[in-house]
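In this chain, numbering begins with 1 at the start of the sequence shown.
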Amino acid sequence: MSVVAGAAILGAAATTSGAFAAAPAAPTPKPAPVSQAIQALPSAPVEKLIVTYKTQAAEAGSNAAAQSDTAEKAAKTGEKLSFERRLAAGSALVDLGDSATQQDVTKVMDAFRADPAVASVEPDIRAYAMAVTPNDTDYAKQWDLFEPTGGMNVPAAWDKTTGSGVTVAVIDTGYAAHSDLAANVVSGYDFISSSGDARDGNGRDADAKDEGDWNATDNECGLGSKASSSSWHGTHVAGTIGAVTSNAKGIAGIAYNAKIQPVRVLGKCGGSSADIADAITWASGGTVPGVPANPTPAKVVNLSLGGASSTCPSVYQTAINGAVARGTTVVVAAGNSNANTSGFTPANCSNVITVASTSREGNRSYYSNYGTVVDVSAPGGETRRATDTPGTVTTPENGILSTLNSGSTTQSTENYKPYQGTSMAAPHIAGLAALLKSAKSTLTPADIESAIKANARPLPGTCSGGCGAGIADATKTVNAVTTTTPPAGNVFSNATRVAIPDNTTVTSSITVTGRTGNAPATLKVGVDIKHTWRGDLVVDLVAPDGTVRNLKTSSSSDSADNVVTTYTVNASDEVANGTWKLRVRDVASGDTGYIDAWSLTF
């Protein structure tokens, strides 16, 4: 197969039979809402009351008066009451002691309610974290979600987001029907244009069913290719992202309320870059000649596939750029050749999140590609040790367990099996991207990538060659995008997008009014510039009187994306009021971007 003519899956199967028992096909129960799926909350005793006095009452503003009133109620009821403190809203917190019975609580509350100076009285009740353990029968085997060493810290993220409202396209081998996925699957498409490779008797069609990718004989798919069974690879990838959760069976998906859209591009002997590029375009809501429009465009695309190429083919890059421009995050597996990712595509394309694989011990998986092209790492597992015989499965418990099918060629009964591969790592990041997009719909693909990388943790094990920002941390990343810390002082901002073409200078203005005197010596300049090669950029702050302060210089070696940071400037000799400008110069060819937003905090 030529370098850009085809792509291969990037997950190595765990082929030993019986590693995990097959589950019989059965109707999928309707998942219970989170509030119904959780265990009963503890029955905690009431130890304190919150008493709100009427505004005109002395107790509303005087701690001494509230303390005196509490003593009066104690004498009246015979209970040991004490005024503890004033709450922020002005209410009084009254301690009942640790031996009060429910009858005692009722008696004290009645006494406060009978007082005409009291507006309301209520118990100080307990609250509990809602990130409960799913009841899926094999969840305990999903170390990749929750173990502190090699896992991705997913469960606590479910307190804030479960992927609702987001569709994730799995561009892969298609879909093998599975009751642990069915409720989350939306209609996809078969983009394999060769009927022979598709094995369905025709070319492209609206049926994304996985017809099997087995090879009957060695060398059938090119010199050196081996006979193999069907992998049901796309279904395994899909389960990691969106398996139905808390349905008392199987596994839990990372974004278990997201929708999965199977898009078939890999069949017999892999798939072609032309078909894959069209699939990326269609999945993200773009137009493909001869193919009906996608009724449910995906905001996340997972590509657990790739081939050898020292450059990103233009057919891939054009499709990816179009997807990202439509607001779709594209996640790609780094590859399984224990080599530099720069030699594999589409992992080496721009505008994607390239994912390396880590083991249960937090090391780079022995097979995973590496290098500066890698953006982040995620659990991909190891179903055998590096020194074990290739093709064997000696450590199935250390693989990534997900949905599968038992058929050796065509589909048979559904089951679950552990696989290893960067194919398994990538859907962890696709699932996280869905959680983020669901939690904050305004996030762009660049925002999502930046957030994932900024909140990753260093590998607890070893990584030779480069594993990106580290192992992604789902909870930390979700918390980062959903928690807003208001800046101190007055903030003036401009969120009007300004394009930055090649070799040009652009400005964005903010007019400051209502200030007296000069700007501070610690003026904060918040900058959010999207650009595919930030080293091309020179960034200046221009004061109202025309004084220029340089914030960032250009650098031909800085190939990272985007300038998203806050600069501190001594502007104490400048009058605060007036029109300030952010000036951005692009000093090199080949990459463009835009000022997304910027701000001044006084």
Taking S377 for the side chain and T358 for the main chain, is one N or O donor matched with an acceptor at less than 3.5 Å?
no
Between R264 and D207, is there a side-chain N and carboxylate O pair less than 4.0 Å apart?
no
What's the verdict on side-chain contact (heavy atoms from CB on, under 4.5 Å) for Y370 and N340, showing C-alpha distance, side-chain angles and the deciding distance?
CA-CA 5 Å; Y370 50 80; N340 197 302; 4.3 Å; yes
In terms of side-chain heavy atoms, does S179 have a donor or acceptor partner in E414 at a distance below 3.5 Å?
yes
Between R384 and D388, what is the shortest heavy-atom contact and its length?
NH1-O, 2.8 Å
Between K160 and T482, does a side-chain hydrogen bond (donor to acceptor under 3.5 Å, both in side chains) hold up when you go through it step by step?
CA-CA 8 Å; K160 293 187 175 180; T482 56; 3.2 Å; yes
Can you check whether V374's main-chain N or O pairs, donor with acceptor, with T354's side chain at less than 3.5 Å?
no
Output, in order, the C-alpha distance, side-chain angles, deciding distance and verdict of side-chain hydrogen bond (donor to acceptor under 3.5 Å, both in side chains) for N215 and K226.
CA-CA 7 Å; N215 298 324; K226 298 294 183 181; over 6 Å; no
Got a second to check how far D210's CG is from S230's OG, nearest 0.5 Å?
6.5 Å
Indicate, with yes or no, if the rings of H178 and Y416 have centres closer together than 6.0 Å.
yes
Would you call R360 and E382 a salt bridge, taking side-chain N to carboxylate O under 4.0 Å as the test?
no
Ignoring hydrogens, what is the shortest heavy-atom contact between N338 and R364? Give both atom names and the distance.
OD1-NH1, 3.0 Å
How long is the span from the CD1 atom in I429 to the CG atom in N302, to the nearest 0.5 Å?
10.0 Å
Taking D375 first and then K453, would you say they form a salt bridge - that is, a charged N and a carboxylate O separated by under 4.0 Å?
yes
Examine distances only and state if a side-chain atom of N415 and a backbone atom of N405 form a donor-acceptor pair shorter than 3.5 Å.
yes
Looking at S357 and A425, would you say the former's side chain and the latter's main chain have a donor-acceptor pair under 3.5 Å?
no
One pair to check against side-chain contact (heavy atoms from CB on, under 4.5 Å): E211 and K268. What are the steps and the verdict?
CA-CA 9 Å; E211 301 286 354; K268 177 184 176 182; over 6 Å; no
Cation-pi check for W214 against R199: NZ or CZ below 6.0 Å from the six-membered ring centre and within 45 degrees of the axis, yes or no?
yes
I'd like to know if the side chain of S231 pairs up with that of D213 as donor and acceptor (distance under 3.5 Å, no hydrogens or angles considered).
yes
Would you indicate whether the side-chain heavy atoms of Y316 and S273 approach each other to under 4.5 Å?
yes
Is any NZ, NE, NH1 or NH2 atom of the basic residue among K437 and E449 found under 4.0 Å from an Asp or Glu carboxylate oxygen of the other?
no
With rounding to the nearest 0.5 angstrom, report the CD1 to CG distance, I280 to D278.
9.5 Å
Shortest non-hydrogen pair, S225 vs C221, comes out as OG-N, 3.0 Å
Any side-chain donor near an acceptor of the partner, N369 and T341, under 3.5 Å:
no
Please answer whether the main-chain N or O of A206 pairs with a side-chain N or O of D190 as donor and acceptor at a distance below 3.5 Å.
no
Decide, yes or no, whether a salt bridge links D275 with R204 under the criterion of side-chain N to carboxylate O below 4.0 Å.
yes
If you measure from OG1 on T329 to CD1 on I452, what distance do you get to the nearest 0.5 Å?
7.5 Å
Indicate yes or no for a side-chain donor-acceptor contact from T475 to the backbone of N153 under 3.5 Å, with no hydrogens or angles considered.
yes
Closest heavy-atom pair, P346 versus L303, reported as atoms and distance to 0.1 Å, is CG-CD1, 4.3 Å
Donor-acceptor pair, distance only, cut-off 3.5 Å: does the side chain of T328 make one with the backbone of V324?
no
Between E147 and T149, is a side-chain hydrogen bond (donor to acceptor under 3.5 Å, both in side chains) present by the stated rule, with each step listed?
CA-CA 6 Å; E147 283 193 355; T149 301; over 6 Å; no
Does A347 offer a backbone N or O that forms a donor-acceptor pair with the side chain of T345 under 3.5 Å?
no
Any donor and acceptor pair, going by atom type alone, linking the side chain of T245 with main-chain N or O of A243 inside 3.5 Å?
yes
Would you say the side-chain atoms of N321 and R326 include a donor-acceptor pair closer than 3.5 Å?
no
So, are K141 and D138 salt-bridged, with charged N and O less than 4.0 Å apart?
yes
Can you name the closest pair of heavy atoms from A252 and Y139 and give their distance?
CB-CD1, 3.8 Å
D447 versus S450, side-chain donor and acceptor atoms under 3.5 Å
no
Smallest heavy-atom separation, W282 atom then P292 atom, equals NE1-O, 2.8 Å
Without hydrogens or angle criteria, can the side chains of T167 and Q261 be said to hold a donor-acceptor pair below 3.5 Å?
no
Looking only at side chains, do Q411 and Y175 share a donor and an acceptor under 3.5 Å apart?
no
Could you state the interatomic distance from NZ (K417) to OG1 (T383), rounded to the nearest 0.5 Å?
11.0 Å
Can a donor-acceptor pair be found between the side chains of T403 and D180 at a distance below 3.5 Å?
no
Sub-3.5 Å donor-acceptor pair from the side chain of S438 to the main-chain atoms of L435, do we have one?
no
Is the closest side-chain donor-acceptor distance between N336 and T422 under 3.5 Å?
yes
Kindly determine whether V301 and I320 satisfy side-chain contact (heavy atoms from CB on, under 4.5 Å), including the steps that lead there.
CA-CA 10 Å; V301 162; I320 290 166; over 6 Å; no
Do L181 and V244 have side chains that approach each other closer than 4.5 Å (heavy atoms only, starting at C-beta)?
no
Could you check V154, V355, I471, T240 and say which one makes a side chain to side chain contact (heavy atoms under 4.5 Å, CB included) with H428?
T240
Assign the ring pair W158 / Y256 to parallel, tilted or perpendicular, where the plane angle (0 to 90°) is split at 30° and 60°.
perpendicular
How many angstroms lie between CG in D144 and CD1 in I400, if you round to the nearest 0.5 Å?
4.0 Å
Give the intermediate values and the outcome of side-chain contact (heavy atoms from CB on, under 4.5 Å) for residues M152 and L432.
CA-CA 10 Å; M152 212 173 76; L432 175 52; 4.2 Å; yes
Does the side-chain hydrogen bond (donor to acceptor under 3.5 Å, both in side chains) test come out yes or no for N363 and S365, once each step is laid out?
CA-CA 6 Å; N363 303 306; S365 299; over 6 Å; no
